[in-house]
Undergrad: 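There's a structure below that I have some questions on.
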Protein chains: 2
Amino acid sequence: MSTPETLKKQTCTSHCPCGTYCPLSAALSLIGGKWKIPIICALKQDGPTRYNELKRKITGITNTMLASSLKELESNGLICRRQYDEMPVRVEYSLAGPAEDLIPVLSQFALWGKQMHDQAAPAARE
Amino acid sequence: MSTPETLKKQTCTSHCPCGTYCPLSAALSLIGGKWKIPIICALKQDGPTRYNELKRKITGITNTMLASSLKELESNGLICRRQYDEMPVRVEYSLAGPAEDLIPVLSQFALWGKQMHDQAAPAARE
DNA sequence: CAGTATCCTCGTGGATACTG
DNA sequence: CAGTATCCACGAGGATACTG
């Protein structure tokens, strides 16, 4: 497993009042971007999943984005890439331990989002 | 308090496998962007804070970004803007209830980020 | 099948100047 | 003091074609 470069030097990009190293910014950067969360959700729901399977399930994602997102997630230790040298090649991605730990946090987050939504427009339900 | 437009129609921008409405994406979008988190952190630490005070504390932020971020946060009900009609004008921003509820979630998140950091490079401490 | 390689668009965010 | 108004740079993300 390679060393997560992004984590080492994350310092709130020096705009955050919380000192030199900000674990919050660091955490956010790990799941930032447009596709990381959807990927994590998909892997959480369905377990080990192949590349093209992911591409089908995550509506709208392109090869470029899927490949690069998977690479980042893997290099940060959030997902595992397992390659079976069959013919043709088979590659499966799955959530790694740290990502599993993240799930409950994301759930809390989603819960908060839901509360926001419900109390914001209790009547204006459409 | 105005109605948060972003919340109403948040649907994972249709790339997330979690159905038509995704509270997680909705939540993320509320604190997304480069400066919302730093602003929330600053307000959490120091309580009600004036515009220029915020600008000084949040290193590197510009008027454009501070103003627009504050506006979004306010329109989504995350912060309160209170204006004192003194001379010259005084405006103070503070965290609203929903944002207070968010703090513990963010703390959990930060904790996870810290764990990631510690276990990722336990020796390569610099 | 599981990706790379290129090229390009567009929106976030930055710089600067100005104002009620 | 607390912002707006403009203009602009850049990089994340998208489209398309190709490959081991």
Side-chain angles (χ1 to χ4, degrees), chain A residues 5-6 10 12-16 25 28-40 42-43 46 48-76 79-94, chain B residues 5-6 10 12-16 25 28-40 42-43 46 48-76 79-94:
Chain A
E5 285 301 324
T6 44
Q10 191 76 32
C12 291
T13 38
S14 76
H15 52 256
C16 186
S25 285
L28 254 347
S29 79
L30 292 182
I31 60 164
K34 191 173 177 182
W35 299 106
K36 304 249 183 83
I37 293 268
I39 290 173
I40 291 175
L43 291 180
D46 305 332
T49 313
R50 306 178 59 166
Y51 182 91
N52 277 316
E53 228 177 322
L54 276 175
K55 205 169 98 182
R56 252 174 276 116
K57 288 192 175 157
I58 303 176
T59 320
I61 198 170
T62 60
N63 271 331
T64 328
M65 279 299 101
L66 181 52
S68 75
S69 302
L70 287 173
K71 198 165 283 179
E72 285 180 46
L73 286 171
E74 192 203 0
S75 82
N76 286 328
I79 64 175
C80 294
R81 192 195 109 112
R82 182 161 299 172
Q83 174 167 346
Y84 301 88
D85 280 335
E86 307 166 350
M87 204 47 179
V89 204
R90 194 172 105 221
V91 177
E92 282 186 353
Y93 292 92
S94 55
Chain B
E5 285 302 323
T6 44
Q10 192 75 30
C12 290
T13 39
S14 75
H15 52 256
C16 186
S25 284
L28 254 347
S29 81
L30 291 182
I31 60 164
K34 191 172 177 182
W35 299 105
K36 304 251 184 82
I37 293 268
I39 290 172
I40 292 176
L43 291 180
D46 305 332
T49 312
R50 306 178 60 167
Y51 181 91
N52 278 316
E53 229 175 321
L54 276 175
K55 205 169 96 183
R56 253 174 275 116
K57 289 192 175 157
I58 303 177
T59 319
I61 199 170
T62 59
N63 271 332
T64 327
M65 281 299 102
L66 180 52
S68 74
S69 301
L70 287 172
K71 198 165 284 180
E72 285 181 47
L73 286 170
E74 192 202 0
S75 83
N76 287 326
I79 65 175
C80 293
R81 192 194 110 114
R82 183 161 299 170
Q83 173 167 346
Y84 302 88
D85 280 336
E86 306 168 352
M87 206 43 181
V89 204
R90 194 173 104 218
V91 177
E92 281 187 352
Y93 292 91
S94 56

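Proteins come first, then strands; the chains are lettered A, B, ... in the order of their sequence lines, and each starts at number 1.
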Undergrad: What residues, two or more places apart in sequence or in another chain, satisfy side chain to side chain contact (heavy atoms under 4.5 Å, CB included) together with A:Ser94?
TA: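 So A:Ser94 forms a side chain to side chain contact (heavy atoms under 4.5 Å, CB included) with A:Pro48, A:Cys80.
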Undergrad: Distance check needed: D:dC1 P versus B:Glu53 CD, whole Å only.
TA: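 One finds 11 Å between P of D:dC1 and CD of B:Glu53, rounded.
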Undergrad: Whenever both distances are under 3.5 Å in a Watson-Crick or G-U wobble pair, mark it; put DNA chain C into dot-bracket that way, with [ ] for crossing pairs and | when the partner is on another strand.
TA: ||||||||||||||||||||
Undergrad: Taking CG from A:Asn52 and C1' from C:dG3, how many angstroms apart are they, rounded to a whole number?
TA: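 After rounding, the reported distance stands at 9 Å.
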Undergrad: Test: salt bridge (Lys or Arg N to Asp or Glu O under 4.0 Å). Region: residues 60-73 of chain A. Which pairs qualify, not counting sequence neighbours?
TA: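 Matches after skipping sequence neighbours: A:Lys36-A:Glu72.
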Undergrad: I'd like to check the side-chain hydrogen bond (donor to acceptor under 3.5 Å, both in side chains) partners of A:Arg81; sequence neighbours left out, ordered by chain and number.
TA: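 Testing A:Arg81 for side-chain hydrogen bond (donor to acceptor under 3.5 Å, both in side chains), a comparison that skips the adjacent residues, returns A:Gln83.
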Undergrad: Show the nearest heavy-atom pair for residues B:Leu73 and B:Ile39, with the distance to one decimal.
TA: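 Answer, listing the atom of B:Leu73 first, then B:Ile39: CD1-CG2, 3.8 Å.
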Undergrad: Rounded to whole Å, how long is the line connecting atom CZ of A:Arg81 with atom C1' of C:dA2?
TA: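 Atom-to-atom, A:Arg81 to C:dA2, this comes out as 8 Å.
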Undergrad: Is the phosphate of D:dC1, meaning OP1 or OP2, less than 4.0 Å from a side-chain N or O of B:Arg50?
TA: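 Looking at the OP1 and OP2 atoms of D:dC1, neither is under 4.0 Å from any side-chain N or O of B:Arg50.
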Undergrad: Identify, with sequence neighbours excluded, every residue that meets side-chain hydrogen bond (donor to acceptor under 3.5 Å, both in side chains) alongside B:Asp46.
TA: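 Testing B:Asp46 for side-chain hydrogen bond (donor to acceptor under 3.5 Å, both in side chains), a comparison that skips the adjacent residues, returns B:Lys57.
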Undergrad: Does a side-chain N or O of B:Tyr93 approach OP1 or OP2 of D:dG3 to a distance below 4.0 Å, or not?
TA: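 Yes, within the criterion.
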Undergrad: Separation of B:Met87 atom CE from D:dA2 atom C1', in whole Å?
TA: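 Distance, rounded to whole Å: 12 Å.
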Undergrad: Identify the heavy atoms of A:Asn63 and A:Tyr51 that sit nearest to each other, and give their distance.
TA: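 Where A:Asn63 meets A:Tyr51 most closely, the heavy atoms are OD1-OH, 2.9 Å.
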Undergrad: Suppose we screen for side-chain hydrogen bond (donor to acceptor under 3.5 Å, both in side chains). Which residues come up paired with B:Glu86, at least two apart in sequence or across chains?
TA: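 Here the qualifying residues are B:Arg90.
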Undergrad: Atom CG of B:Asp85 to atom C1' of D:dG3: distance rounded to whole Å?
TA: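 Computing the B:Asp85:CG to D:dG3:C1' distance gives 15 Å.
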Undergrad: Search all heavy atoms of A:Tyr93 against all heavy atoms of A:Ile79 and return the closest pair with its distance.
TA: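 Taking A:Tyr93 first and A:Ile79 second, the nearest heavy atoms are CD2-CD1, 3.8 Å.
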Undergrad: Rounding to an integer number of Å, can you tell me how far A:Leu66 CG sits from D:dG13 P?
TA: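 After rounding, the reported distance stands at 13 Å.
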Undergrad: Find the distance B:Leu70:CG to D:dA2:P and express it as a whole number of Å.
TA: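 In whole Å, D:dA2 P and B:Leu70 CG are 11 Å from each other.
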Undergrad: Just jot down the side chain to side chain contact (heavy atoms under 4.5 Å, CB included) partners of A:Ser68, sequence neighbours excluded, or say none.
TA: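 Side chain to side chain contact (heavy atoms under 4.5 Å, CB included) list for A:Ser68, sorted by chain: A:Met65.
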Undergrad: Output the rounded distance in Å from CD1 (A:Ile39) to P (C:dG3).
TA: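 Between P of C:dG3 and CD1 of A:Ile39: 12 Å.
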Undergrad: Can you check each nucleotide of nucleotides 4-20 of chain C against protein heavy atoms at under 4.0 Å and return B for base, S for sugar-phosphate only, - for none, in 5' to 3' order?
TA: BB-------BSBBB---
